[in-house]
Each structure stands twice: as structure tokens, then as C-alpha cells.
Amino acid sequence: MPELPEVQTIINELSPIIIGKNLVKIEEFRENTLINQQKISYLGQINTIFRRGKYIIITTDQKLQIIIHLRMTGKLIYTENLTSSSSHMRAHLIFSDHSKLIFDDVRTFGQITIAPLNQQIKSLDILGAEPFSNDFSTEYLWQKFRKRKAPIKNILLNQTIIAGLGNIYVNEILFACQIHPAVPTNSLNKKQIGAIISNTIKILKKAIKYNGTTISDYKRVDNKSGKFQNFLKIYQKTECPKCGNPVSRIKQAGRSTFFCYSCQNNPHKPLKSKNNG
DNA sequence: AAGCTTTCCTGAACGC
DNA sequence: TGCGTTCAGGAAAGCT
């Protein structure tokens, strides 16, 4: 499931391939794949491709933006063979040199929005701080967190607060911070918030370095897998790599949470005064 | 406001 | 063997 590092990997690999190409058309193979599609005869030459949260944004010289969200199972596979196909194709982005990007998506939650560059896109406008930006500061999170009593796990998944985190990385970040996923967000102190910031940046950077995490569906542009799954410490693990105790598993916000009851502070007990790591 | 729940979807894994 | 059930989860809508 593509989160920030997987989306960033796709951007990094697509940039040198598609910038400057002429995007002739986008073919839709399944309804509701293309949103806001207007009657555009020519989409234009690709100017930029960048990421905001988990969204891929492609702009063209025809002052258009193509916004792609892969959700859980979406992939963008580049091929120079116009007749290439895949098992769950939903759309093709076809270039004038007969190469194309295949948008493949088993569970069909992904979407491609085509809109004028100057059109406000609500789902982008509501996004919170980018983890690699200066906005992602202790003061910012402190102001956001103090109003929230929901579990920290849920709040880290909230894209309007931090943009780009998903279930896997939130599990890993909280384990690295030794914070129990169920603690009320407004109970965290500034030191813990600082740990969330530094571990988020550290883990995301390392995940990008290894081209993301392939658990089941995520694939890179060349259909290869990422490698960060080899560095996961808590997600889908059965034994804590730190203390050896069994990993606990609960459900939060409809998603599986993995944590170590021993290493990540129990919300029902007072926080330890000394860091036990 | 914030925080719930529900909905969307398909394939793999599981249970009887 | 085979059929039915459960699970995986990002984001938005609807409701309290």
C-alpha cells in the first residue's frame, strides 16, 4: 500500500522518464477511474511531476494537472510497448512516442483527477504538514495535538495533520519512539513530539533510500519490488526485536496496530520518568 | 470541533 | 474439494 516513501520512489523513477514527453490521451478501462475529465483533445507536454502527501501531481504545458492517488493497490507501470497489458488495468496514460504508463489497481480505490492547473483541489488543500518541510515542527504538532484526545495512532494517520503517513510507517514510528499507540494524543509531551518528528523523518528517509516497502501490492515503475520490508521492526512481526516479547496486535481506526507492550509505554500506567531505551 | 461509523473493492487466506 | 466468511486499508461522507 503506497505511502509517502512508495509514492516518492515512483516520482523519483518517473521524473527522468516522462518529463518532456507529450501526453496524448488517457484511456479509461473502468468507470470512475478518471474524475473531472473534460473533453480535452490534447493533454500537453509534461512539465513537472511531484508529490503532496500520497498524491502524485503531474503538470503539463496546457496548464493542466493530473492528480493520481494509488490508495491501496494502485501501481503505475511504465512500458515502451503500446500493446502491453496487465491483469487489473484501469487506465493508460499514452505518450506521443507510443510509450505509456499503465495504471493497474486491483481493489479499484485509486483515482486520477484531471483539472486546470489553477483549479483548487479540496483533497490537496486540506492536507497537513509535509514531513520533510519546515512546517513539520514541534510547535506545529504541539498546537495540533493539544486539541486531540483520540489515540496517537489515529492522529498520525490523519492526513490533515501530517500528510503522507499510512499504517505501516505509523506502526514503525511509534515503535521507534517507544510510544504506545493508544495513548491520548493530548497527553504527549514536547519531548515525545520531538521524538515523533525525528523518527518520522529518519524512517521515511531510510524507506525512500530502499525504494519503499513491498508487502503485497506495491510495485515500482519498472514492476520491481521495494526493499524496506526487510527493515521493518514491528509491522506484522510476532516478536519484539528489542526485548523478545511477543508483539501485541490490536485494531485502531479499522487498521491493524502492532506494538510491544513492554517497550511502548502503557497508557494505563503513568509514563516512566526515565527512558528505558 | 472532533471523532465516530460506514462505504467503496477484490483476492488471499482461513474454517468447517 | 468447495463454499462461505474474514481480512487487508485510504479517504470521504454522514452523523452525533
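Keep in mind that the numbers below use all heavy atoms, side chains included, and drop hydrogens, waters and symmetry copies. Labels below follow one simple rule: chain letters A, B, ... track the order of the sequence lines, proteins then strands, and each chain is numbered from 1.
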Which listed nucleotide ([options]) is nearest to the side chain of [X]?
{"X": "A:Arg148", "options": "C:dG10, C:dA11, B:dG3", "result": "B:dG3"}
{"X": "A:Gln159", "options": "B:dT10, C:dA11, C:dG10", "result": "C:dA11"}
{"X": "A:Ile126", "options": "C:dG10, B:dG11, C:dA12", "result": "C:dA12"}

Parallel, tilted or perpendicular: which fits the ring planes of A:Tyr235 and A:Phe258, with parallel below 30° and perpendicular above 60°?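 Perpendicular, since the angle between the ring planes exceeds 60°.
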
Take atom [atom1] of [X] and atom [atom2] of [N], then tell me their distance rounded to the nearest Å.
{"X": "A:Leu156", "N": "C:dG9", "atom1": "CG", "atom2": "C1'", "answer": "16 Å"}
{"X": "A:Arg255", "N": "B:dT6", "atom1": "CZ", "atom2": "P", "answer": "15 Å"}
{"X": "A:Lys122", "N": "C:dA12", "atom1": "NZ", "atom2": "P", "answer": "8 Å"}
{"X": "A:Arg146", "N": "B:dA2", "atom1": "CZ", "atom2": "P", "answer": "12 Å"}
{"X": "A:Leu127", "N": "C:dG10", "atom1": "CG", "atom2": "P", "answer": "14 Å"}
{"X": "A:Asn154", "N": "C:dG9", "atom1": "CG", "atom2": "P", "answer": "13 Å"}
{"X": "A:Ile67", "N": "C:dG10", "atom1": "CD1", "atom2": "C1'", "answer": "17 Å"}
{"X": "A:Lys251", "N": "C:dA8", "atom1": "NZ", "atom2": "P", "answer": "4 Å"}

Between [N] and [X], is there an OP1 or OP2 to side-chain N/O distance shorter than 4.0 Å?
{"X": "A:His69", "N": "C:dA11", "result": "yes"}
{"X": "A:Ser123", "N": "C:dA11", "result": "no"}
{"X": "A:Ser256", "N": "C:dC7", "result": "no"}

Would you call A:Phe109 stacked on C:dA11, i.e. ring centres under 5.5 Å apart with the planes less than 30° off parallel?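 By the stated criterion, A:Phe109 and C:dA11 do not stack.
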
Examine A:Phe175 together with A:Phe259 and report whether their ring centres are nearer than 6.0 Å.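 For A:Phe175 and A:Phe259, the ring centres are not under 6.0 Å apart.
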
Does the ring center of A:His69 lie less than 6.0 Å from the ring center of A:Phe109?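 No - the distance between ring centres of A:His69 and A:Phe109 does not fall below the 6.0 Å cut-off.
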
Count the heavy atoms belonging to other residues, nucleotides or ligands that lie under 6.0 Å from NZ of A:Lys205, then report whether that count exceeds 12.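 Open: at most 12 neighbouring heavy atoms sit under 6.0 Å from NZ of A:Lys205.
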
So does A:Arg71 reach the base of C:dG10 with its side chain, donor to acceptor, closer than 3.5 Å?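 Indeed there is one.
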
Return yes if the base of C:dA8 and the side-chain atoms of A:Arg107 contain a donor-acceptor N/O pair under 3.5 Å, otherwise no.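 Per atom types, the contact qualifies.
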
Would you mind classifying the nucleic acid contact of [X] as base, sugar-phosphate or nothing, using non-hydrogen atoms under 4.0 angstrom?
{"X": "A:Thr73", "answer": "nothing"}
{"X": "A:Arg90", "answer": "nothing"}
{"X": "A:Tyr235", "answer": "sugar-phosphate"}

Mapping A:Lys147 and A:Ala253 onto DNA chain B by nearest heavy atom, which one lands closer to the 5' end?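 Nearest-nucleotide comparison on DNA chain B picks A:Lys147.
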
How long is the span from the CD1 atom in A:Ile168 to the CZ atom in A:Arg255, to the nearest 0.5 Å?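 So the CD1 of A:Ile168 and the CZ of A:Arg255 are separated by 12.0 Å.
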
A:Gly166 to A:Leu157 - nearest heavy-atom pair and separation: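 Closest heavy-atom pair between A:Gly166 and A:Leu157: C-CD2, 3.4 Å.
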
